[in-house]
Amino acid sequence: MNNFKRTLITSALPYANGPVHIGHLAGVYVPADIYARYLRLKEKEVIFIGGSDEHGVPITLKAKKEGITPQDVVDKYHKIIKDSFAEFGISFDIYSRTSSKMHHETASEIFRTLYEKGKFIEQSSEQFFDEEANQFLADRYITGTCPKCNYEKAYGDQCESCGSSLNAIDLIHPKSVLSGNKPVLKKTKHWFLPLDQYEPWLREWILENHKEWKSNVYGQCKSWLDGGLNPRAVTRDLDWGIPVPVEGAEGKVLYVWFDAPIGYISATKELTDDWTKWWKDNDTRMIHFIGKDNIVFHCIIFPAILKAEGSYILPDNVPANEFLNLEGDKISTSRNWAVWLHEYLEDFPGKQDVLRYVLTANAPETKDNDFTWNDFQARNNNELVAILGNFVNRALVLTQNYYHGIIPPAENLSEYDNNVLAELINLKSETEKSIENFRFREALKIAMDMARLGNKYLADMEPWKLIKSDPEKVKSIINISLQIAANLTIVLDPFLPHSMEKLRGLLNIEKLVWSQLGRPDLLETGHKVAKPELLFAKIEDEEIARQVNKLLETKKANEMESAPVKPAKSNIEYDDFAKMDIRIGTIVTAEKVAKTKKLLKLTIETGIDTRTVVSGIAEYFEPEKIIGKQVTMLVNLAPKMLKGIESQGMILMAENEEGTLVFVSPEMKINNGSEVK
RNA sequence: UGCGGGGUAGAGCAGUUGGUAGCUCGUCGGGCUCAUAACCCGGAGGUCAUAGGUUCAAGUCCUGUCCCCGCUACCA
């Protein structure tokens, strides 16, 4: 990294349809912020870019649902997100948004440049159009009957009943969500970026020249490239977004993933008139901090756009993190399964650094990790309080007790003293190495070792004993202990900025820079330090219990809420029902179908014959326990091959909203083959 | 089923280019009493999922198998 003059740090733009949670922080913003603060401490030229991503279909749907405009939605969440980042201490040089004028202009301009250079291919296809609302319909704006399971409220892209992914034009009886009318098929033209043409270049750029990228990033890219890239539409028929700035594109906007990463550029332009040096100078090193769900956009699509444009630099590294889980479950905005940043800041005022510490110490750098409140408490009480806070407090209290807060001189240093001071320099270079390789959890551990070193130094030196026998020696012990504390204000500053500011206050010093780290003379003899004050407070069991209860209540609320009973299907004639031959049968054998999660292979004595049925119930029943059970079964359903086994019928099951299955069984034993009518 | 990631001490996690398997918590024993019952030292606890291969040397590289997570498919 020494070959670069400056560093441009971007962090994924949070989508403005909800607040920010700990998963976003651990994956993207905390590591990006540590990196930015570190480079600033090193007195490097650096800017750190962030902003809200405010376009796309989900925001229009949310607006419609709440009866407000898309602009209202993004205004609301942009404010919450921006304010909570600021209070949390994410040190963006600018936090912008993609609905800004600057962004609209910038994205349009880049699109037009690519258009004029002939970098797009134009393609027309038939899509659904609502004549009353006078607009094309995004997949989510169309409902209809699923061609696979006949569920009547399938969406244009997916059926939520059977889970199949669909094409809107395959829906039976399609209906527009906007007007309720039947949409008509109409030709529409879109612009595609022919990613396939960039494949050889991407292969060389990533697979040959960036082997140092993290294995999850490199692996994902390789898999995309090996699978072959297809042209990707970069425009949409939608009225929320950036209008496509060419003729014949009325009513079309840029695809959200085309415009969002360009938001990094627009934000830079807003920040400084001198923006080209950040984006068009090969001496600038660009780093994208993202989560693993964004890898393809930042490593394949956005670079292809920049390459097509021709005058921009490409990312030097894309340190994507995995996901953070919460108490064993996947974090989910829609299920409210999250620790929201704005709520954390209310519940734990002044404890920004505790969350920063926990999220860094347990960051999902190589695999998905789990956040638990018990771990949060343990790391605060056993590490921040016991190791770091306690060391600082010991040093300050001793200074107060023995010297009234005046720093004594360090003279006649022993070999041990010198070894301790040398270790500071060693810890400095190790911390640097880890940060520069994006291993922040390791870097934090090493930085904390400096506090551990201080505790050990005091324990080994025992100044509280020496004060009686060798008071001269105690002076240098206290001096060195305070020098260690002063070094902590540098090495931990990127990780714990609020606490280090407080510690500088206690030591009564100004902010120091990274190049001073490791020095034994950061504090002058005779300098007066402040009265000791605790750097971190213990977190009590009750506070943790409150948070755990909050989550349990969410879980309960989710179970209640997710129980909408599906509306009745349309009427049928008796003859339709009579076509079905439903019988009582007995399960005589049951075994799991190898390599499947849900399938059981059952042998059923139907009274008519003995037959094989494959049933998707393995998650709810153990094979041994259902043998001998009487079940209801549709026996005249056409056979179907499932995982190489012919299934000759279907067991009737009742299923609730959570997907839990129960048998529909006769309430008392009855002969196999008995008809259900 | 396909793709990606992962399986390392009781729990949660590190382990860079192969070179004595480590950290935090917990646990057991000791020391200390300046410090927020905090700190320091020591012990116990691991066939690094599994089978094979390459190598003087494999947690690390190669191959097969099993299991877990995410997306995907299967739910007659």
Side-chain angles (χ1 to χ4, degrees), chain A residues 148-149 162-165 212 214-224 226-227 292-293 295-296 322-323 325 328 330 361-372 374-375 377-379 381-387 389-402 433-434 437 439 441-442 445-446 448-449 451-452 454-467 474 477-478 481 532 534-538 593 595-600 613-620 633-634 637-653 655 659 661:
Chain A
K148 300 197 178 164
C149 73
C162 68
S164 327
S165 67
E212 81 282 7
K214 290 176 61 174
S215 64
N216 56 340
V217 178
Y218 188 91
Q220 187 102 334
C221 291
K222 187 169 184 332
S223 125
W224 272 77
D226 288 348
K292 68 173 165 185
D293 50 336
I295 290 173
V296 65
E322 301 287 302
F323 286 156
N325 294 323
K330 197 181 161 178
N362 192 30
E365 287 179 1
T366 55
K367 63 172 178 185
D368 292 0
N369 278 352
D370 199 23
F371 176 95
T372 65
N374 281 334
D375 181 62
Q377 181 189 28
R379 289 203 185 267
N381 293 356
N382 302 326
E383 297 177 31
L384 285 178
V385 171
I387 295 169
N390 185 42
F391 166 66
V392 169
N393 192 44
R394 296 171 82 183
L396 287 169
V397 166
L398 288 169
T399 310
Q400 199 64 39
N401 288 351
Y402 299 159
K433 207 165 106 191
S434 294
N437 285 307
R439 289 199 289 264
R441 53 188 304 161
E442 181 182 77
K445 192 253 160 198
I446 295 166
M448 283 292 286
D449 281 345
R452 292 189 177 95
N455 275 319
K456 183 164 163 48
Y457 179 67
L458 284 178
D460 289 346
M461 292 293 124
E462 301 184 307
W464 47 90
K465 282 187 180 169
L466 282 181
I467 194 69
V474 173
I477 294 170
I478 299 307
S481 299
L534 296 181
L535 214 45
F536 298 99
K538 284 208 160 201
V593 179
K595 296 190 172 189
T596 66
K597 194 156 60 174
K598 299 186 180 177
L599 300 185
L600 284 187
V613 171
V614 177
S615 188
I617 57 175
E619 286 182 304
Y620 296 95
M633 168 175 181
L634 181 61
L637 185 64
K640 160 101 179 178
M641 293 299 287
L642 281 171
K643 308 297 295 178
I645 303 164
E646 190 181 62
S647 182
Q648 305 157 318
M650 171 172 147
I651 309 284
L652 302 189
M653 309 291 298
E655 180 182 18
L661 296 170

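Model, not experiment: these values are computed from the prediction. Throughout, a chain's letter reflects where its sequence line sits, starting with A, and its residues are numbered from 1.
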May I have the distance from Glu322(A) (atom CD) to C69(B) (atom C1'), rounded to whole angstrom?
10 Å

Please determine, for the side chain of Arg379(A), which listed nucleotide (U36(B), U24(B), C40(B)) has the closest atom?
U24(B)

Side-chain touch Asn455(A)/Ile387(A), heavy atoms, less than 4.5 angstrom:
yes

If we call it a pair only when both distances are under 3.5 Å in a Watson-Crick or G-U wobble match, what pairs with U50(B)?
G64(B)

When every non-hydrogen atom of Ala459(A) is compared with those of Arg394(A), the smallest separation belongs to N-NH2, 4.4 Å

If we take the C1' atom in both G15(B) and U60(B), what is their distance in whole Å?
9 Å

Mind checking the C1' distance from G30(B) to G70(B)? Whole angstroms is fine.
48 Å

Please find the pair of heavy atoms, one from Asp370(A) and one from Asn362(A), that lie closest to each other, and give the distance.
O-ND2, 2.7 Å

Under 4.0 Å, heavy atoms only, any strand: does Asp370(A) hit a base, just the sugar-phosphate, or nothing?
sugar-phosphate

Mapping Asn390(A) and Lys433(A) onto RNA chain B by nearest heavy atom, which one lands closer to the 5' end?
Lys433(A)

From the set U36(B), C40(B), A38(B), return the single nucleotide nearest to any side-chain atom of Phe536(A).
U36(B)

Length of the CD1-P vector between Ile446(A) and G15(B), whole Å
12 Å

Please tell me which of Gln648(A) and Ala378(A) maps to the more 5' nucleotide of RNA chain B, matching each residue to the nucleotide holding its nearest heavy atom.
Ala378(A)

For atom C1', what is the distance between U47(B) and A9(B), given to the nearest Å?
13 Å

Of all the nucleotides listed (C32(B), A35(B), C25(B)), which has the minimum atom distance to the side chain of Lys465(A)?
C32(B)

Categorize Phe323(A) for me: base, sugar-phosphate, or nothing, with a 4.0 angstrom heavy-atom threshold over every strand shown.
nothing

Among U33(B), U36(B), A14(B), which nucleotide has an atom closest to any side-chain atom of Arg441(A)?
A14(B)

Taking all non-hydrogen atoms of both residues, which atom of Ile446(A) and which atom of Ser434(A) are closest, and how far apart?
CD1-OG, 3.6 Å

Proximity to the side chain of Val397(A) - top-ranked nucleotide from U33(B), C39(B), A35(B)
A35(B)

C13(B) phosphate, OP1 or OP2: any side-chain N/O from Asn369(A) under 4.0 angstrom?
yes

Respond yes when some side-chain nitrogen or oxygen of Lys538(A) is under 4.0 Å from OP1 or OP2 of A38(B), and no when none is.
yes

Base-pairing mate for U24(B) - Watson-Crick or G-U, with both contacts under 3.5 Å:
A11(B)

Using whole Å, report how far CG of Asp375(A) lies from P of C13(B).
9 Å

From CD1 of Ile478(A) over to C1' of A35(B), roughly how many Å is that when rounded to an integer?
12 Å

When the C1' atoms of C71(B) and G12(B) are compared, how many Å lie between them, rounded to an integer?
26 Å

In this structure, how many angstroms lie between the P atom of G15(B) and the CZ atom of Arg439(A), rounded?
7 Å

Leu466(A) to Met461(A) - nearest heavy-atom pair and separation:
CD1-O, 3.6 Å

Between G4(B) and U63(B), how many Å separate the two P atoms, rounded to a whole number?
12 Å

Taking the C1' atom of each, how far is U20(B) from G59(B), in whole Å?
14 Å

When you compare U54(B) with A14(B), how far apart are their P atoms, in angstrom units rounded to a whole number?
32 Å

Take the protein atom CG of Asn382(A) and the nucleotide atom P of U27(B), then report the distance between them rounded to whole Å.
10 Å

Using atom CG of Asp460(A) as one end and atom P of C34(B) as the other, report the distance to the nearest whole Å.
17 Å

Please give me the minimum heavy-atom distance between Arg439(A) and Glu365(A), naming the atom from each residue.
CA-OE1, 3.7 Å

Touch class at under 4.0 angstrom, heavy-atom based, for Val385(A) against every strand present
base

Sugar-phosphate, base or nothing in reach of Ile477(A), heavy atoms under 4.0 Å
nothing

Under 4.0 Å, heavy atoms only, any strand: does Ser615(A) hit a base, just the sugar-phosphate, or nothing?
sugar-phosphate

Identified pairing partner of A58(B), criterion: Watson-Crick or G-U wobble below 3.5 Å:
none

C1' spacing across the pair A38(B) / G46(B), given as an integer number of angstrom
31 Å

Starting from the C-alpha separation in whole Å, work towards a yes-or-no answer on side-chain contact (heavy atoms from CB on, under 4.5 Å) for Leu398(A) and Leu458(A).
CA-CA 10 Å; Leu398(A) 288 169; Leu458(A) 284 178; 4.1 Å; yes

Distance in angstrom units between Asn455(A) CG and U33(B) P, rounded
16 Å

